[in-house]
Amino acid sequence: MSVERLLQAAVKAGGSELRLSPGRRVVIVTPAGEREVQGAPQTPETIDQLVGPTLTPDARGLLSAGRAEWRIEVSGVGPVAAWAERRNGALHAGYVPGGMVAAAAVAPAPRPAASPQPAVASAPPVGGSAAEMEKLFALMIERKASDIHIAAGNPPILRIDGVIVPLTDRPVMTPADTERLLWPIAPERNREEFQRRNDTDFAYEMRGVARFRCNFFRDRKGMGGVFRVIPTKILTADEMGLPKEILDLCALPKGLVLVTGPTGSGKSTTLAALVDHVNRTRTDHIITIEDPLEFVHENKKCLINQRQVGEHTSSFKDALRAALREDPDIVLVGEMRDLETVAIAIETAETGHLVFGTLHTSSAASTVDRIIDQFPADRQGQIRVMLAESLKAVISQVLCKKIGGGRVPVLEVLIGIPSVSNLIREAKIFQIPSIMQTGKKYGMTMMADSFIDLVKRKVVAPQDAWAKAIDKAGLLAAFKKNGIDTSFAPAEGTGN
């Protein structure tokens, strides 16, 4: 059988790629995964016989050096992009009807028929420029959107002031459209990761414009992407309106300061403002560990080293452990996502360093509980003691829509005064909210009080504050106590 006949059969079966690998039957990649064509497994000799007639003279020369990419025309199929490479003396090849071959395209390794492996994503097309995606990024900034969503079956979709806004003047995208749009902006390392895992994260920079936090994923409709803008200009603490008590944390010689909240709550922006404040007011060494790098800090008074997980280090825990040998004064941990990272961060804070970190928790008290509960029961007593000594503050936040456009952070602040440390040590976390209510002179505030302040100052509408509140019933009661209209809320007994 020839490659031409195999491609005709593949297209008829709905295939998007034909693969030839030693030790495997011919593989057709479909939206549902890989399908092996009936017949004997391919040998290096049979692959040579199939691929040889399709090689152009230029491709033949390139293949002698190890790898070639070329295009052919197939009757009943149309233009086909092809690639082939020799690995360990054997030829691997792939054919993509109507597509363009990714520079990182790699055929799957041989596998025994008796022990099947998970399907590997086919290589999306590449070869275009990033200009089309950059036009969308520019539109995103012009419209003051925080995010843009690219997904098959929809036009591009912006998130503006927290609201999803489809670009109805743009056509609905096909799977081929999304792949052609997205693939050119991905670094090669992330292309390879996407082919292995069907998702990947990275940062993309438009010089002088902005950086973008990027995520590629694959769903039932095909390849998609979500992009968040990271402004080139870092908002200062003054521009953000952070209170003095939070800025005072930047002067601490050691301790643990946590910024928490759900995804998209502005944690990265707050942390960037704090690091920028340190950079302007101290003469120290700062190490940041992030995934991916978001805000870029230039040296001002401090020396700053920024490391990206996956590119400059293998994991948060490895980078944090290594940081202790890199003479830091301040360490920023972009995400404390596992027990070992949390443990090392606490130890780092105890041993004379100021550590900033983030967690996905919704309140100050739940943050303390989350940290302790990550540890086995036999270690929780020790962690309570360590956390009681090292925790200096928890800043929990959400973003709420402002009247007139834009969004504003709403903060809950816990300061690690001695009475808070005692409650942590004695496992009386449930009493922390009471301390916060009476600790305003130390800079502590409850989320409900922050909402009330913003509503009274007509920065936030009461209904928008209520929509964002975790404790909706508690906020309604506080609104009524402060004479704020609650007619927007459902009647009692009809739910939150």
Side-chain angles (χ1 to χ4, degrees), residues 102 104 124 126 128-152 154-167 170 173 177-194 197-219 223-235 261-273 275-276 288-298 306-312 332 334-335 358 399 406-407 409:
V126 73
S129 74
E132 192 175 353
M133 194 67 225
E134 289 193 348
K135 287 179 182 177
L136 286 174
F137 286 154
L139 176 64
M140 180 181 175
I141 292 168
E142 179 187 327
R143 298 279 297 273
K144 297 183 179 179
S146 60
D147 304 82
I148 186 167
H149 295 249
I150 304 296
N154 299 285
I157 296 173
L158 301 178
R159 184 181 289 275
I160 302 175
D161 296 341
V163 178
I164 291 291
V165 181
L167 295 175
R170 304 275 177 139
M173 292 178 289
D177 292 334
T178 63
E179 293 182 355
R180 186 176 60 254
L181 184 65
L182 300 178
W183 204 240
I185 71 169
E188 184 162 330
R189 178 183 72 82
N190 295 91
R191 294 176 185 171
E192 294 172 355
E193 184 176 64
F194 181 79
R197 297 177 39 185
N198 286 324
D199 53 50
T200 188
D201 296 293
F202 60 96
Y204 184 82
E205 182 174 7
M206 289 175 64
R207 290 195 176 277
V209 179
R211 285 169 60 83
F212 300 86
R213 189 176 72 198
C214 312
N215 172 268
F216 285 2
F217 63 89
R218 190 179 295 279
D219 67 3
M223 184 180 182
V226 181
F227 307 88
R228 172 158 296 168
V229 64
I230 305 163
T232 301
K233 181 182 181 298
I234 297 172
L235 287 176
T263 300
S265 60
K267 300 186 295 296
S268 296
T269 304
T270 298
L271 277 174
V275 170
D276 180 70
T288 77
I289 307 163
E290 303 169 72
D291 183 20
L293 287 183
E294 298 188 336
F295 293 91
V296 175
H297 297 270
E298 302 296 339
Q306 294 187 261
R307 306 187 68 194
Q308 178 169 308
V309 173
E311 184 170 340
H312 309 129
L332 183 149
E335 192 173 335
T358 70
L399 283 181
R407 289 192 288 179

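Note that the structure is predicted; figures quoted are calculated from it, not measured. Positions are given from 1 along the sequence.
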Taking the side chain as C-beta and beyond, is there a heavy-atom pair between [X] and [Y] under 4.5 Å?
X: Ile148; Y: Leu139; answer: no
X: Leu271; Y: Phe295; answer: no
X: Met173; Y: Leu181; answer: yes
X: Val229; Y: Met140; answer: yes
X: Arg159; Y: Val165; answer: no
X: Ile150; Y: Met133; answer: yes
X: Leu158; Y: Asp147; answer: no

Apply side chain to side chain donor-acceptor pair (under 3.5 Å) to residues Arg207 and Thr232 and explain how you reach the verdict. CA-CA 9 Å; Arg207 290 195 176 277; Thr232 301; over 6 Å; no

Closest non-hydrogen atom pair, [X] against [Y]:
X: Ala130; Y: Pro184; value: N-CB, 4.1 Å
X: Ala272; Y: Ile234; value: O-CG2, 3.8 Å
X: Ile141; Y: Ala210; value: CD1-CB, 3.8 Å
X: Arg407; Y: Ser146; value: NH2-OG, 3.2 Å
X: Lys267; Y: Gly261; value: NZ-O, 3.1 Å

Whether [X] side chain and [Y] backbone form a donor-acceptor pair below 3.5 Å:
X: Arg211; Y: Val296; result: no
X: Lys144; Y: Asp161; result: no
X: Thr178; Y: Met223; result: yes

Output the distance between atom [atom1] ([X]) and atom [atom2] ([Y]), rounded to the nearest 0.5 Å.
X: Thr200; Y: Phe217; atom1: OG1; atom2: CZ; result: 13.0 Å
X: Phe202; Y: Asp291; atom1: CZ; atom2: CG; result: 12.5 Å
X: Arg197; Y: Asn190; atom1: CZ; atom2: CG; result: 10.0 Å
X: Arg170; Y: Leu136; atom1: CZ; atom2: CG; result: 5.0 Å
X: Thr358; Y: Glu335; atom1: OG1; atom2: CD; result: 5.5 Å
X: Leu293; Y: Arg307; atom1: CG; atom2: CZ; result: 10.5 Å

Is the centre of the Tyr204 ring less than 6.0 Å from the centre of the Phe227 ring?
no

Does NZ in Lys135 sit with more than 12 non-hydrogen atoms of other residues, nucleotides or ligands closer than 6.0 Å? no

Exercise for the section: May I ask you to check whether over 12 heavy atoms, not counting those of Glu132, lie within 6.0 Å of atom CD? Expected result: no

- Message: Looking only at the side chains, is there a donor atom on one of Gln306 and Glu290 sitting less than 3.5 Å from an acceptor on the other?
- Response: yes

Side-chain donor-acceptor contact under 3.5 Å, Ser268 with Glu294: yes

Practice problem: Could you give me the CA-CA distance, side-chain angles and deciding distance for Phe212 and Arg228, then say whether side chain to side chain contact (heavy atoms under 4.5 Å, CB included) is met? | Solution: CA-CA 5 Å; Phe212 300 86; Arg228 172 158 296 168; over 6 Å; no

Practice item. Apply side chain to side chain contact (heavy atoms under 4.5 Å, CB included) to the pair Ile157 and Leu167, showing each step before the final yes or no. Key: CA-CA 6 Å; Ile157 296 173; Leu167 295 175; over 6 Å; no

Review point. Run the side chain to side chain contact (heavy atoms under 4.5 Å, CB included) check on Ile185 and Phe137 step by step: do they pass?
Key: CA-CA 12 Å; Ile185 71 169; Phe137 286 154; 4.3 Å; yes

